[in-house]
Protein chains: 2
Amino acid sequence: MAEVNLNQTIRCIVKLGGAAITCKNELEKINEENLETVSSHLREAMILGSCSKKVIGMDWSKRAGVSDISASLSDFGDQGQFNVDFSRFIVVHGAGSFGHFQASKSGVHKGGLNQPLVKAGFVATRISVTTLNLEIVRALATEGIPSIGMSPYACGWSTSERNVASADLSGVTKAIDSGFVPVLHGDAVLDHSLTDVLGVYDRPPTDPNAVLLREIAVDEDGSWSVVKPMLESTNKQVEITVAAHDTTGGMVTKISEAAMIAKLGIDVYIVKAATTHSLRALSGELRRHIPDDWLGTIIRFSKEVGQVNSSPS
Amino acid sequence: MAEVNLNQTIRCIVKLGGAAITCKNELEKINEENLETVSSHLREAMILGSCSKKVIGMDWSKRAGVSDISASLSDFGDQGQFNVDFSRFIVVHGAGSFGHFQASKSGVHKGGLNQPLVKAGFVATRISVTTLNLEIVRALATEGIPSIGMSPYACGWSTSERNVASADLSGVTKAIDSGFVPVLHGDAVLDHSLTDVLGVYDRPPTDPNAVLLREIAVDEDGSWSVVKPMLESTNKQVEITVAAHDTTGGMVTKISEAAMIAKLGIDVYIVKAATTHSLRALSGELRRHIPDDWLGTIIRFSKEVGQVNSSPS
């Protein structure tokens, strides 16, 4: 990774799961209702501390309707009301029903761009995912969020063994410094392990015995253990349970990735989008206290868990 | 500019004028017919020297039709037929009726991103131009060109006094090295000076006395002169005529920009898109000989003009 000190500039990185914002079983179909709710929640979270609640739409495209454009422009009369600091947010989204078809048909995740089918699949996948990215940018802009779509590949990102090998984040930091909200799309291939559930479970959520893991602590060596709920089985056994049910390896990968972020001192929330739970996570209230009626998974560096647990819960 | 030796990797940079690929007088409307013709011409130019004439579509999106997808995939049976080297091309396009409205309404070209209206205009302009970029990528992909859309801002480009002050071209060169064709969009604001005409004229093309400048030679000091046709007036007067009629400064800017490129030893052709003239320019045949029935403007470094003129014409 390029040496960019993200901690200084980022307030929050929000990853929107592909399953939450698209209709999973229909090719290239957006879940409009969820996307609207998510956009509205993001706006609420971003303008925290600002007195302005007025929404100034920033999608002035033909599809948004010409009447919108005039209305938007007249709203700028009192510009002072609009001086909201949206910066320090990054939005990352999965692909859902965009890109997966193209990627799996062509085997693009197996690499080999010198093969014609893989190369064509890369182009087709990117068209599909870019289409989704544009729609998310438009939804956020409609909520007055100054969003800027960005494509990993366009910025010189490359992957090696499925991990980001190099990343030039200068475009992202420049956008943030200018007060914009970068909207990045993830890898179309890897993003199909977590479905639209409340959080991380110890086994498939469809299993009646599945238990929602509410809080996971990460040690300095990167290993993790469940601290809430305190299950009858030992933590080691929970890990084994997770591994045993995780046939695609997706869940373990997700937790490990989250653990890597948590080790940097950044709390990770895995939560169902477009719900009160995601809204509360975005609001920051969970940093101080995790109420019992909040449903989701928090993954935190263990050094900081003690601090949080000392507050009444 | 970053130090990237483009000459080693680029065969051709094609700039598609906004007026050629969009319907100028209708908001966000693509000129489908022209775009299809241009894409087909580009394909012809790119596969020169290859025996394969088969088109393998690479737009597998829902809008392209599901039947297309299956057809495309079955075409990959004989992958050897498809081993075409599309690399070494870059496509740049203007904005036409995309982005101009949003840019002009918000005054985004005057800068000042700290102003709410300008910031919103930047977001709205980018949404509009990205929409066009995606449609061009899809049109090229439909013709089997492995195109990858790229946005200047996403890659850390910045402008100062309307010139590109810094550009990280590593994403572009990486795409080319991987055999893709980068499709970049230009600035939405500046791109409205040259209309959809045959080339550069000495005065507005609507003027009955307007003369098409067929060949312009650029000196080492960056100054330029018309070598074809040999006009009655001296070249100095032609320059004055151009300047006098160029009320927006757009034409002089275009010629100066082309002259800067020509000075690098790269021939610049300004030609009406989707015509036999643009196809012939793309084919490379004009490098050796400029036939009288070819209509357009060539801008070349004067050191190399002599060479060309020595061949029979």
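Chain A is the first sequence line, chain B the second, and so forth, proteins listed ahead of strands; every chain is numbered from 1. Treat the numbers as computed from the prediction; the structure is a model and nothing was measured. In what follows, every heavy atom counts, from backbone to side chain, and hydrogens, waters and symmetry copies are set aside.
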Query - Reported CZ-to-OG distance for the pair A/Phe122 and B/Ser178, which is rounded to 0.5 angstrom - result: 7.5 Å

Query raised in the report: Got a donor-acceptor contact below 3.5 angstrom from the B/Arg126 side chain to the A/Gly149 backbone?
Result: yes

Query raised in the report: Is a donor on one side and an acceptor on the other found under 3.5 Å between the side chain of A/Lys119 and the backbone of B/Pro146?
Result: no

Query raised in the report: At a heavy-atom separation under 4.5 Å, does B/Leu134 approach chain A through its side chain, its backbone, both, or neither?
Result: side chain

Query - For A/Ser128, side-chain hydrogen bond (donor to acceptor under 3.5 Å, both in side chains) partners two or more places apart - result: A/Glu28

Report summary line: With sequence neighbours left out, the residues meeting side chain to side chain contact (heavy atoms under 4.5 Å, CB included) with A/Glu26 are A/Cys23, A/Lys29, B/Lys62

Query raised in the report: Looking only at heavy atoms, what is the nearest atom pair of A/Val123 and B/Ala141, with distance?
Result: CG1-CB, 3.9 Å

Report summary line: Value for CZ (A/Arg63) from CD1 (B/Ile127), rounded to nearest 0.5 Å, stands at 9.5 Å

Report summary line: When every non-hydrogen atom of B/Trp60 is compared with those of A/Ala120, the smallest separation belongs to CZ2-CB, 4.0 Å

Query raised in the report: If you measure from OG1 on B/Thr131 to CG on A/Asp59, what distance do you get to the nearest 0.5 Å?
Result: 8.0 Å

